[in-house]
Structures are given as structure tokens and as C-alpha cells.
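Residue numbers run from 1 in the order of the sequence given. For clarity, every value in this text was computed on a predicted model and none was experimentally measured.
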Amino acid sequence: MRKQKIKTLLFTFIIYLLLIANAKDIVAAGGEEPQQSIPACDGIRVIRHSSTSLRLSWKPVANVDGYTIYQYNKKRHTYKLIKNISATKTSWIHRKRKRNSVYRYRIAAYKKYGEKKITGPKSIWVSSKVYQRNKKKINSRAPKVNKKKCYLGLCSGYQLTAESIPAKFGLNEAKRVFSPKIRWFSSDKTIATVSENGYIQAGRKVGRCTVYAVAHNGIRTGIAVEVKNYAKVSGYYNYGSRPEVVELISNYTPHIQKIAEYFSINKFDSEETLEISINNNAEIVMSNPAKDVTPVRKEIGELLSDYPYPISIYITSTRVHFNIGERPCSGYVAFVFDDDCHEFIHERIASHWKVCWFYPV
């Protein structure tokens, strides 16, 4: 048993020495050990260069030795390497192309480690064709979008739309894009993601990113997306003179903002509701005890017990209501998740916050 352990240790040690020697050989040959993955190429596009050629371009990738261009092979349904390009170049012209034939490409950056060549992931595909100016089906230009800037609350969403527009190089009055499909990409998925149909979904942290609507040839239109925490506004305005509202806004702002933030991130389903109140024994009572409110239980308890007027909290899938006062003269301060309260301009006290009061008839 002891001899077997010694043999195992010796074998492991020999393998370790061989690995070190191999790494030294790579460095001695003028290379280096691979340490970081090579990023994918970005900004890929292909356009008509002439009646018989196409021009590919892309954004440079730092610290690489070159780029590999692949062309789609329809018969084999694979991408075939057709050209290696120096790292000093970010464009290439593919000449002698057949008119009205569609060509599809992908590009990858590579780096050399001694005699080894490591290639990064292939880019998104782009396609284009060469044609005469009187042709009906032609390439696209930058897509037309319904919004150039988009502001979202935490975990909120918005539906974008985009349309492929025929390139200016075309004289046919009936011209149209030969491939109208739009692809969607986000520059930072930790801030916001976008579905294949253009629906933006904000994440749980504030920040900025760009969502791109990309035409078949890689020409794209960017939509600036900013995710904000609307629950935590810097100040409120025009909230009236009702003492209940003044007290809530003036002395319990941290409480209502943290509660609103929590439920805007942890949204309910459309049919779910939750009412939170306090009983005569100063105990928190929930209409659905199964709901987890642990992260804001302290704020809820302090608000319900210390606020000098009757108050309860009502949560739905779209808003948080802080119901205050007693009927018939009661009201609420509400935080609305995905609506900037445009339909309640006279009651709005901040972005996504509003006040409403009920008076007896």
C-alpha cells in the first residue's frame, strides 16, 4: 500500500515538471502563457462596396494578433475560414462577388502564443449582397426605432419596436430590404436585458447601458437605457397641506422609500395582493402571512407603530399604497412601479409618486 502511494506521488511530480517545462518552452519560443479569454469582435457590419464587392468592418480588439474572417457555406451549413487579417486593420473588401447573391460572414480575433494560435469566439453573423441601383430587394440602413432614450425603474420593462429601412443606394421606388429581421442586443446585461422581440427588462441595480437594434448587415441603431431607483427620489413637491401627508413625507421618507423599493424589485404576480396593518397589540398583521417581508420588516414595524395617524400598506403587482386617515376623509400616498403617473398630473408629487385624498360627498 505504501509503495503504491509513493508511485502515485512520483507520477504526479513528473507530470508537474513536464507542465512547467512546456510552459517555459512556450515563453522561450517568444510566446506567453494564455491567461485571459479573447473577447468577441463587436461592431461587425458589411455593406455594398461596388457592383461586385462587399466591405466588412469591425471595432478593434485590444491585445490581439489578428482577425479571422469566416463565410457561411450553404451546402455544408457551416462557416469556412476565408481570410486572416492583421491586427492593424479593421476592415476588408471581399471582391468578385456575384450580383444579387447573399453572403453571410462572422469574424473572430486571435492571439499567438509561441507556435500556438488561440482564436476567440465568433461574432454575430452579418449578411449583405451586391446589386444594381434599380433592384427591388436591397440592403438595409440603420433601423428606425420608436424610442432613442429609455428610462426604467428597477426591474421594470418596456417594449421597443424597430423597422428595417432600405439603403439610400437604390433607385427603385418599390425598393425594400431583402431581410427585414431585426436582432436585439444589450451592451450590459447586468443593467438591462432585451428579448429577441425588443422587450427591455431592467435589473436590480441602477446604471446605464445601450440596447441595439441590428439589421441583417450589422448596421445598428442604439437606444440609450438608464435604470433609475424611482422609489428613492431626492425630494417631493406639491403634496398639499394635509397634516397626514406632510407628516409621512417629512418624517417617514426613509421608511416608505425602502418599502417601495423592496416591492418594486420583488414584484407580485398580476393576481397577487398584500395588505399590512397593525392590531391593538402593536403586532403586524398580513393578509398573506406567507409573503416574505423580512428585509423591510423593521421599516414596516416602525412606520405602522410610530406614525401618529391610522395607516396601512396595500401592495399589488403595479404599486404600493400607503393608506392614511379614516374614512370618509381618507387618502393615500402611492408609489407606481411602471407608470410615471402621467394620468394623475395634478396629484403627482415626484416621478412615480402620487397623492390622492377622498372627501365626503
Side-chain angles (χ1 to χ4, degrees), residues 38-61 66-85 89-110 119-145 160-187 194-198 210-223:
I38 301 172
C41 291
D42 188 25
I44 317 301
R45 56 189 291 179
V46 55
I47 60 173
R48 179 189 185 279
H49 181 71
S50 72
S51 59
T52 58
S53 64
L54 296 168
R55 183 178 184 273
L56 283 92
S57 60
W58 56 93
K59 289 184 177 181
V61 179
Y67 306 95
T68 299
I69 298 176
Y70 301 88
Q71 181 182 328
Y72 186 68
N73 187 309
K74 294 181 181 179
K75 292 182 179 179
R76 298 185 178 183
H77 303 287
T78 58
Y79 284 88
K80 179 183 178 183
L81 189 158
I82 60 170
K83 186 73 175 180
N84 285 318
I85 303 291
K89 297 181 179 180
T90 55
S91 66
W92 177 66
I93 298 174
H94 200 184
R95 304 184 187 278
K96 299 181 180 179
R97 301 296 87 203
K98 294 180 180 180
R99 289 181 180 175
N100 299 313
S101 293
V102 177
Y103 296 90
R104 182 182 290 190
Y105 305 90
R106 297 177 76 180
I107 302 175
Y110 68 83
T119 303
K122 295 183 179 69
S123 68
I124 65 168
W125 62 262
V126 292
S127 65
S128 186
K129 69 177 185 176
V130 294
Y131 52 87
Q132 294 175 311
R133 299 190 72 176
N134 62 345
K135 289 297 179 180
K136 184 177 180 180
K137 293 184 179 181
I138 63 175
N139 297 326
S140 176
R141 52 177 150 161
K144 180 181 179 181
V145 296
L160 292 170
T161 60
E163 179 185 1
S164 287
I165 307 297
K168 293 182 179 180
F169 189 85
L171 299 178
N172 193 321
E173 293 183 358
K175 67 180 181 180
R176 57 189 176 89
V177 178
F178 76 84
S179 178
K181 180 177 175 59
I182 298 291
R183 291 167 291 165
W184 298 89
F185 299 95
S186 171
S187 66
V194 60
S195 72
E196 61 180 15
N197 296 320
T210 303
V211 167
Y212 294 101
V214 185
H216 66 89
N217 50 10
I219 298 177
R220 61 192 188 181
T221 299
I223 299 94

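- Although no hydrogens or angles enter the test, the distance criterion places no donor-acceptor pair under 3.5 Å between the side chain of Ser53 and the main chain of Arg95.
- The two residues Lys122 and Ala40 make their nearest non-hydrogen contact at O-CB, 4.5 Å.
- Applying the side chain to side chain donor-acceptor pair (under 3.5 Å) test to residues at least two apart or on different chains, the pairs with a partner in residues 129-140 are Ser128-Asn139.
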I'd like to know whether Leu81 forms a side chain to side chain contact (heavy atoms under 4.5 Å, CB included) with Ile69, so could you lay out the CA-CA distance, the side-chain angles of the two residues, the decisive distance to 0.1 Å, and finally the verdict.
CA-CA 6 Å; Leu81 189 158; Ile69 298 176; over 6 Å; no
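- Looking only at side-chain heavy atoms (C-beta outward), His216 and Lys181 stay at 4.5 Å or farther from each other.
- By the 4.5 Å heavy-atom criterion applied to side chains, Arg45 and Arg55 are not counted as neighbours.
- Two rings, from Phe185 and Tyr212, have their centers 6.0 Å or more apart.
- You'll find the side chain of Val46 stays beyond 4.5 Å of the side chain of Arg104, heavy atoms only.
- Considering OG1 of Thr119 and CD1 of Ile38, their distance stands at 6.5 Å, rounded to 0.5 Å.
- By the 4.5 Å heavy-atom criterion applied to side chains, Thr90 and Ser57 are not counted as neighbours.
- The two residues Ala108 and Cys41 have their closest heavy-atom pair at C-SG, 4.0 Å.
- Of all the heavy atoms in Ala162 and Ala213, the pair that sits closest is CB-CB, 4.0 Å.
- Checking side-chain atoms of Lys175 against main-chain N and O of Gly170 turns up a donor-acceptor pair under 3.5 Å.
- Residues that satisfy the side chain to side chain contact (heavy atoms under 4.5 Å, CB included) test with Val130, not counting sequence neighbours, are Arg48, Leu54, Arg97, Arg99.
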Test side chain to side chain contact (heavy atoms under 4.5 Å, CB included) on Ile182 and Ser164 and set out the steps.
CA-CA 7 Å; Ile182 298 291; Ser164 287; 3.3 Å; yes
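- Counting heavy atoms from C-beta on, the side chains of Trp92 and Ile82 come closer than 4.5 Å.
- Taking both residues in full, the closest heavy atoms of Val102 and Ser127 are given as CG1-CB, 4.0 Å, listed atom of the first, atom of the second, then distance.
- A distance of 13.5 Å separates CD1 in Ile44 from OH in Tyr105, rounded to the nearest 0.5 Å.
- Aromatic ring centres of Tyr72 and Trp125 lie farther apart than the 6.0 Å criterion allows.
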Output, in order, the C-alpha distance, side-chain angles, deciding distance and verdict of side chain to side chain contact (heavy atoms under 4.5 Å, CB included) for Gln71 and Tyr103.
CA-CA 7 Å; Gln71 181 182 328; Tyr103 296 90; 3.5 Å; yes
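- Ile223 and Thr221 get closest at one heavy-atom pair: CD1-O, 3.8 Å.
- Residues Val61 and Tyr110 have side chains not in contact (no heavy-atom distance under 4.5 Å, counting atoms from C-beta outward).
- A cation-pi arrangement is absent between Lys89 and Tyr67 under the rule of less than 6.0 angstrom and at most 45 degrees off the ring axis.
- Atoms OG and CD1, on Ser50 and Ile93 in that order, are 8.0 Å from each other to the nearest 0.5 Å.
- Atom NE2 of His49 sits about 11.5 Å away from atom CG of Leu56, to the nearest 0.5 Å.
- Using a 4.5 Å cut-off on side-chain heavy atoms (C-beta onward), Ile107 and Tyr70 make no contact.
- The two residues Arg141 and Ala215 make their nearest non-hydrogen contact at O-CB, 4.1 Å.
- Residues Phe169 and Ile138 fail the side-chain proximity criterion, which asks for heavy atoms closer than 4.5 Å.
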